[in-house]
Amino acid sequence: MADSLTALTATEAHREITRGALSAEEYVTACLDRIEALDGDVRAFVHIDREYALQQARDRDEWRRNGRPTGLLHGIPVAIKDIIDTADYPTECGSPLFKGRRPRQDATVVAKLRAAGAVIIGKTVTTEFAFYHPGPTRNPHDLERTPGGSSSGSAAAVAAGMVPLALGSQTNGSVIRPASFCGVFAAKPTHGTISRAGMLELSRTLDHVGVFARTLEDVALLLDVLAGHDPRDPDTRPVATPNFRAVAAEPPPLPPKFALVKTPVWEKADASTREIFEDLISSLGENGGVAELPEAFSEAWQAHQTIMSIDMAYRLGGAVDRGSKEASSQRLRDIIAEGRQRLAIDYLAAHDLRPRLESGLSPLFDYYDAIITPASVGSAPKSLESTGDPVFCTLWTLLGVPALSLPVLQAPDGMPLGLQLIGPPNDDARLLRSARVLIEMLSKDEG
């Protein structure tokens with residue numbers, strides 16, 4: 001019975017809870033039981049309190065019994081990456097430097113989840129300060145492989161059926177890559193769509209909140225809850241947000257067209273990955289094509305590194321300096337040192353490259369609805385010492401455009417392989433619709 005409950009999507013569970021066929025306590029209990037059964041091996045969670053999670057669920061049930069209106073996530077457990085502040089759990093950012101840190105208030109996204117009726121079930125493992133140094137989490141599909149990073153625990157928890165939904169973050173490839181490795185849906189929305197207030201800041205330019213789910217419908221559900229303006233995050237915009245679920249479900253006016261964009265780092269992908277994507281775009285017939293990017297795009301990866309290293313040196317350098325050498329990884333100390341050595345002129349040039357690249361990308365979307373590209377160079381590496389290469393995510397994070405990881409492919413070794421779908425900025429709902437149609441096209445091809 002418990003396994004059948006944890007197999008429910010958030011949308012399905014919410015429907016059953018709101019009509020009274022399932023209680024929030026029953027659903028959260030099933031998820032907690034699954035966490036207890038599996039997390040000794042997967043190690044997705046860093047902080048969890050069973051009784052507190054159950055008390056939240058009981059409060060949700062009491063709320064409903066009293067005839068009060070229920071939100072979009074009423075009674076649904078959500079896991080939170082441990083760089084996002086929660087007033088009721090520690091937020092330690094995967095580092096001994098922040099051990100025991102207890103925020104006084106929720107991040108905006110956590111407050112929005114609570115307002116929608118969600119149960120904050122616990123905090124998931126992040127790599128050290130959401131950078132490269134791995135935490136203890138393992139890939140649920142193969143415990144000898146990395147789940148990716150930095151949102152390691154969130155991706156693994158959803159993939160293992162411990163929770164239907166989880167939050168992560170992306171400054172390079174920290175949502176899309178682990179989603180690819182773990183075989184779940186994920187979204188990195190347009191920069192500024194979701195508030196980052198109350199989240200560890202690495203780079204204002206590059207940081208995004210991301211979401212994990214087991215269906216595209218659940219991704220849209222989370223975006224409906226989380227998107228919107230927040231005065232605490234100056235990059236969010238005071239504009240109306242679309243109804244992501246409604247747009248994602250509606251029929252498109254014309255069949256969408258998809259462009260395979262290999263990008264300047266195409267040769268970094270495994271040979272089998274390159275072949276899979278070339279075969280896929282061919283299978284789409286007149287709905288697919290191959291597009292090239294202007295030469296200037298080859299500068300994007302260096303620009304991203306420049307911005308990220310300088311911003312991280314500024315944001316984290318003091319904390320690392322104050323701690324002991326053993327409290328920080330060499331990889332973290334290296335990027336802080338790199339950022340401190342770079343010149344202001346390089347930082348300004350890297351920022352100036354972004355609008356140039358945005359202008360170069362815009363004409364492609366005049367013909368194609370979305371870009372197809374790998375979410376990762378291949379399947380999850382068979383190692384727990386590395387979180388894999390984010391190189392296929394870097395460009396899209398730099399540009400702040402919406403990205404999805406769709407678990408529709410399989411690598412030759414039987415592991416998941418994500419398809420990354422990119423859309424024009426601020427058109428996230430349409431990208432979800434295009435993704436739904438693409439999945440339907442690929443299902444017909446398989447049939």
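Residues forming a side chain to side chain contact (heavy atoms under 4.5 Å, CB included) with Q105 (at least two apart in sequence, or on another chain): R232. For S195, the side-chain hydrogen bond (donor to acceptor under 3.5 Å, both in side chains) criterion is met by D230, not counting sequence neighbours. Residues forming a side chain to side chain contact (heavy atoms under 4.5 Å, CB included) with V247 (at least two apart in sequence, or on another chain): E250, A429. Partners of D389 according to the side-chain hydrogen bond (donor to acceptor under 3.5 Å, both in side chains) rule, which considers only residues two or more places apart in sequence or in another chain, do not exist here. By the salt bridge (charged side-chain N to carboxylate O under 4.0 Å, His left out) test, R331 pairs with no residue at all, sequence neighbours left out.
Heavy atoms only, all atoms of each residue included: R436 and P252 are closest at NH2-CD, 4.1 Å. Of all non-hydrogen atoms in A411 and S379, the two that sit nearest each other are CB-CB, 3.7 Å. Contact record, F45 with D39: N-OD2, 3.2 Å, taken as the closest heavy-atom pair. Heavy-atom minimum distance, V28 versus A53: CG1-O, 4.1 Å. Of all non-hydrogen atoms in L431 and P402, the two that sit nearest each other are CD2-O, 3.6 Å. Contact detail for I17 and A24: the closest heavy-atom pair is CD1-CA, 4.1 Å.
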Run the numbers on L73 and L221 for side-chain contact (heavy atoms from CB on, under 4.5 Å), then give the verdict. CA-CA 8 Å; L73 294 176; L221 173 64; 3.6 Å; yes
Please test E12 against R15 for salt bridge (charged side-chain N to carboxylate O under 4.0 Å, His left out), starting from the C-alpha separation and ending with a verdict. CA-CA 5 Å; E12 292 168 341; R15 185 184 305 123; 5.5 Å; no
Stepwise side-chain hydrogen bond (donor to acceptor under 3.5 Å, both in side chains) check, T236 with H229: CA-CA 5 Å; T236 60; H229 176 59; 3.2 Å; yes
Run Y132 and S329 through side-chain contact (heavy atoms from CB on, under 4.5 Å) and show every step you take. CA-CA 9 Å; Y132 282 114; S329 69; over 6 Å; no
Check step by step if side-chain hydrogen bond (donor to acceptor under 3.5 Å, both in side chains) holds for T137 and S152. CA-CA 6 Å; T137 309; S152 320; 5.1 Å; no
Could you walk me through whether D233 and R204 pass salt bridge (charged side-chain N to carboxylate O under 4.0 Å, His left out), step by step? CA-CA 9 Å; D233 184 340; R204 175 178 168 180; 5.8 Å; no
Do D41 and R138 pass the salt bridge (charged side-chain N to carboxylate O under 4.0 Å, His left out) test, and can you show the C-alpha distance, the side-chain angles, and the key distance before you say yes or no? CA-CA 7 Å; D41 292 326; R138 300 164 182 263; over 6 Å; no
side-chain contact (heavy atoms from CB on, under 4.5 Å) for F185 and I439? Distances and angles first, verdict last. CA-CA 12 Å; F185 286 89; I439 292 169; 3.8 Å; yes
Please lay out, stage by stage, how E62 and R68 fare under the test salt bridge (charged side-chain N to carboxylate O under 4.0 Å, His left out). CA-CA 9 Å; E62 180 68 18; R68 295 176 176 175; over 6 Å; no
CA sep, side-chain torsions, deciding dist, call: L398, W301, side-chain contact (heavy atoms from CB on, under 4.5 Å): CA-CA 8 Å; L398 176 69; W301 284 261; over 6 Å; no
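Residues I422 and Y368 are not in side-chain contact: their nearest non-hydrogen atoms beyond the backbone lie 4.5 Å or more apart. N287 is not listed as a side-chain neighbour of V437, based on a closest heavy-atom distance of 4.5 Å or more. Looking at L284 and I372, their side chains come closer than 4.5 Å, going by heavy atoms from C-beta outward. Here the side chains of L316 and L200 are in contact, with some heavy-atom distance below 4.5 Å. Within the 4.5 Å cutoff, side-chain heavy atoms of Q305 are placed close to those of I335. Side chains of F244 and V219 form no contact here, defined as non-hydrogen atoms less than 4.5 Å apart. Looking at F181 and T146, their side chains come closer than 4.5 Å, going by heavy atoms from C-beta outward. Under the 4.5 Å side-chain criterion, counting only non-hydrogen atoms from C-beta, M199 is not in contact with V109.
Side-chain N or O atoms of R196 include none that pairs as donor or acceptor with a backbone N or O of V209 at under 3.5 Å. Side-chain atoms of T190 never come within 3.5 Å of backbone atoms of T193 as a donor-acceptor pair (strictly under, hydrogens ignored). Checked by atom type and distance alone, the side chain of K188 never pairs as donor or acceptor with a backbone atom of A403 at under 3.5 Å. Distance alone, capped at 3.5 Å, is enough to place a donor-acceptor pair between the W63 side chain and the P69 backbone. Panel note: side chain D106, backbone A87; a donor-acceptor pair is recorded below 3.5 Å. In this structure, S405 contributes its side chain and Q420 its backbone to no donor-acceptor pair below 3.5 Å. Here the side chain of S203 pairs a donor or acceptor atom with the backbone of L206 at under 3.5 angstrom. In this structure, the side chain of Y89 engages the main chain of I121 through a donor-acceptor pair within 3.5 Å. Using a distance-only test at 3.5 Å, with no hydrogens or angles considered, a donor-acceptor pair links the side chain of R60 to the main chain of G117. With R101 contributing its side chain and T91 its backbone, the two residues share a donor-acceptor pair below 3.5 Å.
In E25, the CD atom is crowded: over 12 heavy atoms of neighbouring residues, nucleotides or ligands sit closer than 6.0 Å. At most 12 heavy atoms of other shown residues, nucleotides or ligands fall within 6.0 angstrom of atom CD in E385. At most 12 non-hydrogen atoms from other residues, nucleotides or ligands lie less than 6.0 angstrom from NZ of K268. When the shell of 6.0 Å around OH of Y52 is examined, it contains more than 12 heavy atoms from other residues, nucleotides or ligands.
In this structure, the separation between CG on L22 and CG on D61 is 8.5 Å, given to the nearest 0.5 Å. Here S151 contributes atom OG and I84 contributes atom CD1; the two are 7.5 Å apart, rounded to the nearest 0.5 Å. Here the straight-line distance linking atom CD1 of I80 with atom OG1 of T126 works out to 13.0 Å at 0.5 Å rounding. Atoms CG and CZ, on D218 and R245 in that order, are 10.0 Å from each other to the nearest 0.5 Å.
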Indicate every side-chain donor-acceptor pair of residues 162-174 with a distance under 3.5 Å to a residue at least two apart or in another chain.
from: S169; atom 1: OG; to: K81; atom 2: NZ; distance (Å): 2.7
from: Q170; atom 1: OE1; to: S174; atom 2: N; distance (Å): 3.4
from: Q170; atom 1: OE1; to: V175; atom 2: N; distance (Å): 2.8
from: Q170; atom 1: OE1; to: I176; atom 2: N; distance (Å): 3.0
from: Q170; atom 1: NE2; to: N172; atom 2: O; distance (Å): 3.2
from: Q170; atom 1: NE2; to: T397; atom 2: OG1; distance (Å): 2.9
from: T171; atom 1: OG1; to: D207; atom 2: OD1; distance (Å): 2.7
from: N172; atom 1: OD1; to: T394; atom 2: OG1; distance (Å): 2.7
from: S174; atom 1: OG; to: S150; atom 2: N; distance (Å): 3.0
from: S174; atom 1: OG; to: S150; atom 2: OG; distance (Å): 2.9

